[in-house]
There are 4 protein chains.
Amino acid sequence: MKNNSIRSKAPAISTGRRRNDRSHQAILKAAMELLTEVGYRGVTIEGIAARAGVGKQTIYRWWPSRAAVVMEASVRAAADSAPDPDTGTLETDLQKFLAGSFVSLQGTAGQVLRGMVAEAQLDAEFRTQFVETFIMTRRAGLVQILRRARKRKELSQDVDPELLVDMIYGAKWSRLLFGHAPLDIHMVSQMVRIITKLR
Amino acid sequence: MKNNSIRSKAPAISTGRRRNDRSHQAILKAAMELLTEVGYRGVTIEGIAARAGVGKQTIYRWWPSRAAVVMEASVRAAADSAPDPDTGTLETDLQKFLAGSFVSLQGTAGQVLRGMVAEAQLDAEFRTQFVETFIMTRRAGLVQILRRARKRKELSQDVDPELLVDMIYGAKWSRLLFGHAPLDIHMVSQMVRIITKLR
Amino acid sequence: MKNNSIRSKAPAISTGRRRNDRSHQAILKAAMELLTEVGYRGVTIEGIAARAGVGKQTIYRWWPSRAAVVMEASVRAAADSAPDPDTGTLETDLQKFLAGSFVSLQGTAGQVLRGMVAEAQLDAEFRTQFVETFIMTRRAGLVQILRRARKRKELSQDVDPELLVDMIYGAKWSRLLFGHAPLDIHMVSQMVRIITKLR
Amino acid sequence: MKNNSIRSKAPAISTGRRRNDRSHQAILKAAMELLTEVGYRGVTIEGIAARAGVGKQTIYRWWPSRAAVVMEASVRAAADSAPDPDTGTLETDLQKFLAGSFVSLQGTAGQVLRGMVAEAQLDAEFRTQFVETFIMTRRAGLVQILRRARKRKELSQDVDPELLVDMIYGAKWSRLLFGHAPLDIHMVSQMVRIITKLR
DNA sequence: GACTAACCGAGACGGTACGTCCCGTCTTAAG
DNA sequence: CTTAAGACGGGACGTACCGTCTCGGTTAGTC
């Protein structure tokens with residue numbers, strides 16, 4: 001993640017006092033702390049401002065909503081390797097990729113993501129940002145793996161990689177959002193078994 | 001849906017005035033109207049009460065949260081056929097089932113569901129109710145179809161039907177929640193093609 | 001002062017929970033205390049609410065502005081005898097009336113009045129209320145005295161009592177508002193001497 | 001009014017760029033415009049700065065408060081003849097003097113003065129400046145007229161001219177601030193009639 | 001048929017957070 | 001060194017709703 005300022009508004013063009021990076025960092029730090037302490041619903045702009053020792057206006061100046069602050073804070077937290085393993089076979093590629101992607105959702109990260117999905121359903125503008133920033137970038141890695149497999153004939157030409165990605169990630173999101181079944185290694189293995197049948 | 005009061009608290013034990021069904025109906029009607037007019041975020045207890053011509057307490061007496069009211073209202077709206085087609089082949093069963101299930105999400109119904117998913121991420125108790133009421137019942141129909149197909153050897157014994165359901169519905173939820181691709185008939189056909197390969 | 005609720009909005013007509021008099025009193029008390037402690041400029045709705053242990057909305061529900069609260073609190077504080085002495089001669093009537101009216105402005109009461117005059121210049125609606133409640137009622141007593149004197153031929157028929165009241169009270173207001181000269185007994189005596197010349 | 005900068009702080013001592021008179025003028029102009037457009041309460045430092053195309057600091061550098069800017073702007077607007085008529089008789093002197101002084105308060109000038117009186121009640125430092133600049137200078141002319149009349153025996157030696165000025169101007173301020181009666185020519189005539197009785 | 005507990009509408013209450021306005025100070029780059 | 005621009009910490013605004021708590025009035029069942 002090169003540009004660490006996901007959703008900050010466009011900065012003013014030229015003159016005037018510059019953005020205070022100390023405040024910027026303090027806000028993100030406060031947001032992250034509150035997130036883990038009281039959960040997404042408990043995070044408020046006033047709370048962030050108070051903890052960061054910052055005026056509310058300073059937050060509103062740079063982010064359009066509570067969710068945007070949280071999103072930037074989360075991105076910062078998730079150093080976000082996005083590995084793209086290329087082992088030569090679909091099976092091992094998938095196993096590696098999904099294992100890494102799924103287990104990280106067990107703890108706080110999963111809770112934060114759930115909060116952001118919620119926000120995305122309630123705020124159209126945020127949804128756009130969230131999908132671009134989080135969803136599409138994660139999909140890209142998986143699409144790579146599937147395309148390579150298709151070239152190697154490990155995957156039928158009939159199969160639309162985009163749709164298959166929706167199915168794979170969709171299963172993950174389902175279990176994360178609804179909690180009706182665990183997001184574990186066993187699930188990954190089962191899913192790999194299913195996908196490797198599609199040759 | 002026999003009991004039309006999904007989440008209503010336990011009724012009073014013995015004597016005294018009984019629940020006023022007129023108010024009950026007015027509340028659900030008002031909730032549904034507000035939902036379509038101002039969206040889930042704009043629905044408030046005070047708004048429902050005002051529109052229904054009802055005291056706020058009357059709502060709090062019978063439902064634990066805004067989301068619970070909305071959920072009951074939605075269930076009422078979605079007469080909820082849940083067809084369970086049994087045509088003899090996996091392909092046609094799936095095609096019928098999914099087509100019906102997907103297209104209904106294009107309009108208001110989809111928006112309402114998105115709001116409820118959001119709420120489910122923010123309120124643990126509601127999540128439980130929502131998953132039981134909405135998610136598990138929908139899954140059941142699909143699981144039936146897949147189990148029949150497995151018996152007919154149209155589906156490999158290797159494939160865990162539960163996981164496959166997660167993948168199928170997960171793709172639907174992904175597209176509904178993130179909006180990165182359409183939820184249409186073409187998607188259904190493609191998905192059927194993929195699943196029928198898993199024999 | 002019969003009706004102790006000078007500027008309270010019209011109460012709701014019939015149903016619903018009634019106004020809580022404890023809160024009403026606590027608000028007026030808090031306002032008065034803050035007034036003497038930090039001065040008119042330092043009185044804020046938030047401050048009153050916090051000190052009274054009351055929600056801000058409860059204040060906004062019953063008074064249209066900070067000034068209105070302060071005015072009601074002041075009226076309450078100023079038990080406001082409004083003596084109307086009738087000694088038989090203009091000179092002694094005036095001396096008594098004005099002495100009582102002027103010395104009371106030396107302390108906090110004067111400061112509070114100054115704050116209300118300020119507010120009256122900045123808020124048209126408040127000005128109307130203030131003038132009706134404070135200004136006109138005070139004038140009435142003095143007008144009585146002058147009219148009696150006119151009947152007794154102690155005051156020329158040429159002299160417009162209303163205008164003379166403006167001059168007498170105007171001198172008081174001038175010195176209160178601008179502070180260029182003291183509001184004391186000597187001033188009262190001098191003024192009585194001037195007025196008794198107008199026979 | 002020689003020095004048109006009533007309340008400007010001491011200018012910079014020696015080196016460096018000198019005060020920019022263009023900005024000075026623009027600030028006063030903007031202040032006056034805002035005053036007439038939105039009223040005293042609506043005038044803000046930020047508003048003046050924005051309209052004048054000037055940094056806020058530039059205003060704070062030269063004036064101590066919003067009220068000081070407005071006062072200087074007003075002084076500038078009121079070219080302020082202050083005539084001091086000397087016709088030979090108290091009656092005509094007074095008539096001329098007061099007529100000129102009263103009618104000018106009918107329009108915007110009166111509103112502006114009311115705003116400044118308000119500010120003077122809320123800010124002690126401003127009150128001092130305001131009284132020195134506005135109140136005392138206006139009183140001076142009237143005191144002159146009364147002193148001359150006293151010498152000519154048109155006014156009793158008993159009458160304290162300072163107090164009489166308070167009564168005359170006080171009547172004016174009363175009607176301006178409280179609006180309970182008009183500030184017109186008729187009032188002037190009536191008042192002249194009263195004062196000329198004091199011989 | 002009278003009693004009475006529970007319901008009902010209305011809406012006041014203490015409270016939290018919102019998003020905005022403006023304050024007076026501070027920082028920057030340009031002149 | 002001053003200026004225009006404008007970010008900063010802060011305080012208060014007036015509003016929206018929350019979930020709870022009275023009110024007076026109304027049912028609907030049991031005695």
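Protein chains get the first letters and strands the later ones, always in sequence-line order, with residue 1 at the start of each.
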Exercise. Between E46(C) and R51(C), is there a side-chain N and carboxylate O pair less than 4.0 Å apart?
Worked result: no

Exercise. So, R41(C) side chain and Q121(D) main chain: donor-acceptor pair closer than 3.5 Å or not?
Worked result: no

Exercise. Distance-only, no hydrogens or angles: does the E72(C) side chain make a donor-acceptor pair with backbone N or O of A68(C) under 3.5 Å?
Worked result: no

Exercise. For nucleotides 8-15 of chain F, read 5' to 3', which letter fits each nucleotide if B means a protein heavy atom sits under 4.0 Å from the base, S means only the sugar-phosphate is that close, and - means neither?
Worked result: BSB-SBBB

For this session: In whole angstrom, give the distance that lies between atom CD1 of I48(D) and atom P of dA4(F).
Result: 14 Å

Seminar exercise, completed: Rounded to whole Å, CD1 of I59(C) lies from P of dG14(E) at a distance of 9 Å

Exercise. Within this structure, what is the CG-to-P distance between L34(A) and dT16(E), rounded to whole angstrom?
Worked result: 16 Å

Exercise. Has R22(C) got more than 12 heavy atoms of other residues, nucleotides or ligands less than 6.0 Å from its CZ?
Worked result: no

Exercise. Below 4.0 angstrom, N of the basic side chain to O of the carboxylate: do R114(C) and E119(C) qualify?
Worked result: no

For this session: Could you tell me whether the side chain of D21(B) and the main chain of H24(B) form a donor-acceptor pair under 3.5 Å?
Result: no

Problem set entry | Between P of dC18(F) and CH2 of W63(B), the distance in whole Å | 15 Å

For this session: Could you state the atom-to-atom distance from CD1 of I27(C) to C1' of dG14(E) in whole Å?
Result: 11 Å

